[in-house]
Amino acid sequence: MSTYEDANVKCPFFRTQEKQRITCEGLVKGSCTRLDFRTKGQKEGQLRLCTGNYRKCRVYQALEGKYGE
């Protein structure tokens, strides 16, 4: 599900978000990485990385390594 916030996302690996979930590109070709959070607040904290300094995100770092090899 896309939201208006998605337009602010800077991370190239971000795919979608839902109430307490963020989905990113996966490490394996044709897959996705799904982050499920216990609270909406935790998800919003992670989403701030997607829209801001996404290079600090562990998912971004792992996926960047996928292309750096």
Considering non-hydrogen atoms only, spot the tightest contact between Lys66 and Glu25 and give its length. NZ-OE2, 2.9 Å

Can we say Lys43 and Glu18 salt-bridge, meaning some charged N sits less than 4.0 Å from an Asp/Glu carboxylate O? no

So which pairs with a foot in residues 16-59 pass ring-ring contact (aromatic ring centres under 6.0 Å, His included), sequence neighbours left out? Tyr54-Tyr60

Tell me whether Gln17 contacts the main-chain N or O of Leu47 through its side chain, where contact means a donor paired with an acceptor under 3.5 Å. no

Considering all heavy atoms, the nearest Gln46-Cys57 contact: NE2-SG, 3.1 Å

In this structure, would Leu35 and Leu49 fall into the same cluster of hydrophobic residues linked by side-chain contacts under 4.5 Å? no

Verify the cluster assignment for Phe13 and Val28: are they in a single hydrophobic cluster under the rule of side-chain heavy atoms below 4.5 Å apart? no

Looking only at heavy atoms, what is the nearest atom pair of Ser31 and Leu27, with distance? OG-N, 3.8 Å

Enter the distance from Cys32:SG to Ile22:CD1 here, rounded to the nearest 0.5 Å. 13.5 Å

Here the gap from Asp36 atom CG to Thr23 atom OG1, rounded to the nearest 0.5 Å, amounts to 7.5 Å

What's the spacing between Leu63 CG and Cys24 SG if we round to 0.5 Å? 7.0 Å

Criterion side chain to side chain contact (heavy atoms under 4.5 Å, CB included) on Arg21 and Arg34, from CA distance to verdict: CA-CA 7 Å; Arg21 175 180 298 152; Arg34 190 173 93 181; 3.2 Å; yes

Heavy atoms only: give me the nearest Gln20-Arg38 pair and the separation to one decimal. NE2-O, 2.9 Å

Residues at least two apart in sequence or cross-chain that pass side-chain contact (heavy atoms from CB on, under 4.5 Å) with Arg48, listed by chain then number, are Glu44

Using only atom types and a distance under 3.5 Å, with no angle test, would you say the side chain of Thr51 pairs donor to acceptor with the backbone of Asn8? no

